[in-house]
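Single-structure report; data block below.
First the proteins, then the strands, lettered A, B, ... as listed; each starts at 1.
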Amino acid sequence: MGEKELRRSLSVFPIGTVMKLTDLTARKIRYYEEQGLIHPERNEGNRRMYSLNDVDVLLEIKDYLTEGVNMAGIKRLYELKEHEKADRLKATQHVLTDDDVRRILRSEFQAVGGLDGDNPYQNFDGSHIFR
DNA sequence: TTTCTCACA
DNA sequence: TGTGAGCA
């Protein structure tokens, strides 16, 4: 991990700052953590401390949500990325970048025909997004 | 003053 | 998801 990624992973701001930065409620931010989408650290007082990466993820989650992807779908995307990350440590293979993931998501949407109304992903059950 | 966890007229 | 209670 380079120094740049290291800095982006430093947990530096409290939930109040993240709320302003992401325009999300504390309730939602903690909920996404429960869903395993972000992993803020805790300080001495049990307070959550978020990193720039966490904020980025939160912002991405907002985008996915407005695009009609539900929590199950979003979780798949991040699980997929984490698996790639794990694999990268074992074998020296290529990894899915954020852009790759976004590309995959877009093509999936186009293949299904649109972002509004009754697209299949609205009721995604967690097992067919990349069919 | 801010954040935390828990619970639900 | 919101909101209030009672702590730290």
Please give the nucleotide sitting opposite C:dT1 as a Watson-Crick or G-U wobble pair, both distances under 3.5 Å, or none. none

Is there a donor-acceptor pair closer than 3.5 Å between any side-chain N or O of A:Thr17 and the backbone N or O of A:Phe13? no

Euclidean distance, atom CG of residue A:Leu24 to atom P of B:dT3 [Å, nearest integer]: 14 Å

Any side-chain donor-acceptor pair under 3.5 Å between A:Tyr50 and A:Glu41? no

From CG of A:Asn70 across to P of C:dT1 the rounded distance in Å is 12 Å

Would you say C:dT1 has OP1 or OP2 under 4.0 Å from some side-chain N or O of A:Thr25? no

How would you label the contact of A:Gly16 with the nucleic acid (heavy atoms, under 4.0 Å): base, sugar-phosphate, or nothing? sugar-phosphate

Nearest whole Å is fine: how far is B:dA7 P from A:Tyr31 OH? 18 Å

Going by purine N1 to pyrimidine N3 plus the second Watson-Crick contact, or the G-U wobble pair, all under 3.5 Å, which nucleotide sits opposite C:dA8? B:dT2

Please determine, by modelled atom types, if A:Asn43 and A:Arg47 share a side-chain donor-acceptor pair under 3.5 angstrom. no

A:Thr17 vs A:Arg27, nearer the 5' end of DNA chain B by closest nucleotide: A:Thr17

So does A:Met49 get a backbone contact from the side chain of A:Ser11, meaning a donor-acceptor N/O pair under 3.5 Å? yes

A:Arg48 CZ - B:dT5 P separation (whole Å): 4 Å

In whole angstroms, the gap separating P of B:dT2 from CZ of A:Arg30 amounts to 14 Å

Length of the CE-C1' vector between A:Met19 and B:dC4, whole Å: 13 Å

Distance check needed: C:dA8 P versus A:Arg47 CZ, whole Å only. 11 Å

Write down the distance between CD1 (A:Ile15) and P (B:dC4), rounded to a whole number of angstrom. 5 Å

Kindly determine whether A:Arg7 and A:Glu3 satisfy salt bridge (Lys or Arg N to Asp or Glu O under 4.0 Å), including the steps that lead there. CA-CA 6 Å; A:Arg7 291 184 191 288; A:Glu3 186 179 345; 2.4 Å; yes

Using a cut-off of 4.0 Å on non-hydrogen atoms, how would the nucleic acid contact of A:Phe13 be classed: base, sugar-phosphate, or nothing? nothing

For B:dT5, does either OP1 or OP2 sit under 4.0 Å from a side-chain N or O belonging to A:Arg42? yes

